[in-house]
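Each ligand, and each atom within it, is numbered from 1 in the order the structure gives.
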Amino acid sequence: MSIPELPPPNKRLGQNFLIDPNIVRKIVALAELSPSDHVLEIGPGRGILTEALSRVATRVTAIEVDPRLHAYLETKQAELPNVELVCEDALAYPVENLPIGTVVVANLPYYISTPLLFRLLDQRVRFPRMVLMLQAEVVDRLVAKPGGSDYGVLSVMGQYAAEITKSFRVSAQCFRPRPEVASAVVLLRAKERTRLNQKEEAAFRALVKAAFAHRRKTLANSLRDEGYEPHLLNETLQRLDIAPTRRAEMLSVEDFLRLALALPIHRL
Ligand code: SAM
């Protein structure tokens with residue numbers, strides 16, 4: 001079989017390939033993989049990380065949307081016997097069918113990193129650890145504390161679901177082509193127990209989104225504009241001792257949890 005040439009990078013698919021083996025080693029080390037671990041990799045690209053993962057894990061499921069790269073990786077299948085190569089959009093792939101305990105290790109395509117993150121966090125019972133390369137700005141938002149402009153929906157939902165550590169930044173020089181944005185690697189350890197059941201969690205997410213929908217407005221005004229009943233809202237805020245004049249960015253994750261549990265579920 002003739003080996004297909006490496007296809008040129010497709011910018012639209014966020015193809016900035018890692019070329020630095022040292023960064024690959026650091027990412028794999030951070031995942032603390034044991035020989036029995038199953039790994040999910042989203043966007044294997046040219047396979048630099050996939051190869052390293054296949055050496056330390058029992059099985060790797062690698063989902064690549066680009067059929068040209070998928071075909072290229074298939075020619076390397078003999079070197080990657082424990083890698084299941086899937087050609088599919090990771091946003092459509094049924095991650096809920098992966099075994100519980102699967103570790104996610106990926107240099108994510110930045111243009112869809114936020115919806116992918118939410119999808120993975122939704123399935124956190126399955127994914128105890130995730131080591132992800134992301135746009136540095138997204139990592140800053142994930143770890144942000146209340147009071148700053150980085151703090152928002154991603155911070156609250158992320159910190160509710162996982163312990164998050166910003167691990168290290170990665171220079172643009174470590175990729176080809178070089179990305180135009182800064183990159184960083186983050187470690188997310190899913191919380192084993194979270195306080196809300198599925199229905200409450202949906203209400204919590206709706207509340208957090210509504211609270212940040214109008215960042216410059218007060219919490220009460222933003223929620224009212226998003227359809228929360230003003231009288232009930234004011235009464236609840238008062239009962240919880242949360243000043244209605246505060247802005248969403250001043251509320252802790254705990255404040256949002258208390259508020260979500262106290263407000264009737266009326267926006268589902
Ligand atoms: N893992 C490789 C590396 O580190 O060199 C490539 C990382 S590159 C930043 C992101 C990869 O995700 C690309 O190979 C791209 O084709 C792939 N990708 C983009 N959108 C995708 C999607 N919706 N589902 C799965 N893979 C996707």
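- Here is the list of ligand 1 atoms found below 4.0 Å of a heavy atom in I63: 25 (C), 26 (N).
- For residues 154-185, the pairs satisfying ring pair (Phe, Tyr, Trp, His ring centres under 6.0 Å) are Y160-F204, with sequence neighbours left out.
- Of the N or O atoms in D89, one or more lie within a sub-3.5 Å distance of an N or O in ligand 1.
- Looking at F17 next to ligand 1, no N or O pair under 3.5 Å apart turns up.
- Residue-ligand proximity: Y93 is placed with every non-hydrogen atom at 4.0 Å or more from ligand 1.
- Closest non-hydrogen pair, L116 versus A90, comes out as CD2-CB, 3.9 Å.
- With a heavy-atom cut-off of 4.0 Å, E41 touches ligand 1 through its side chain alone.
- Under 4.0 Å is where a charged nitrogen must lie from a carboxylate oxygen, and between R124 and E192 no such pair does.
- Short contacts between ligand 1 and Y111, defined as distances under 4.0 Å to a heavy atom of the residue, involve ligand atoms 19 (C), 20 (N), 21 (C), 23 (N).
- A salt bridge links D140 with K166: the closest approach of a Lys/Arg side-chain nitrogen to an acidic carboxylate oxygen falls below 4.0 angstrom.
- Taking each heavy atom of S252 and P146 in turn, the nearest pair found is CA-CG, 3.9 Å.
- The shortest N or O to N or O distance between G43 and ligand 1 is under 3.5 Å.
- Geometrically, ligand 1 and N107 share a nitrogen or oxygen pair separated by less than 3.5 Å.
- Every N/O-N/O distance between G14 and ligand 1 stays at or above 3.5 Å.
- For ligand 1, the atoms sitting less than 4.0 Å from at least one non-hydrogen atom of A90 are 22 (C), 23 (N), 24 (N), 25 (C), numbered in the order shown with element in parentheses.
- Remark: distances from the non-hydrogen atoms of E64 to ligand 1 include one below 4.0 Å.
- S171 contributes a side-chain N or O that, together with a main-chain N or O of Q173, makes up a donor-acceptor pair within less than 3.5 Å.
- For ligand 1 and Q15, the ligand atoms under 4.0 Å from any heavy atom of the residue are 13 (C), 15 (C), 16 (O).
- Under a 4.0 Å N-O distance rule, the pair E254/R195 qualifies as a salt bridge.
- Per-residue contacts place L18 under 4.0 angstrom from the following atoms of ligand 1 (heavy atoms of the residue considered): 3 (C), 4 (O), 5 (O).
- Distances shorter than 4.0 angstrom do not occur between any heavy atom of L91 and any atom of ligand 1.
- Remark: distances from the non-hydrogen atoms of E88 to ligand 1 include one below 4.0 Å.
- Counting only residues at least two apart or in different chains, ring pair (Phe, Tyr, Trp, His ring centres under 6.0 Å) contacts with residues 230-249 are absent.
- In this structure, Q15 contributes its side chain and N10 its backbone to a donor-acceptor pair below 3.5 Å.
- At least one heavy atom of I112 sits less than 4.0 Å from an atom of ligand 1.
- Pairing each heavy atom of S149 with each of R215, the nearest pair is O-NH2, 3.5 Å.
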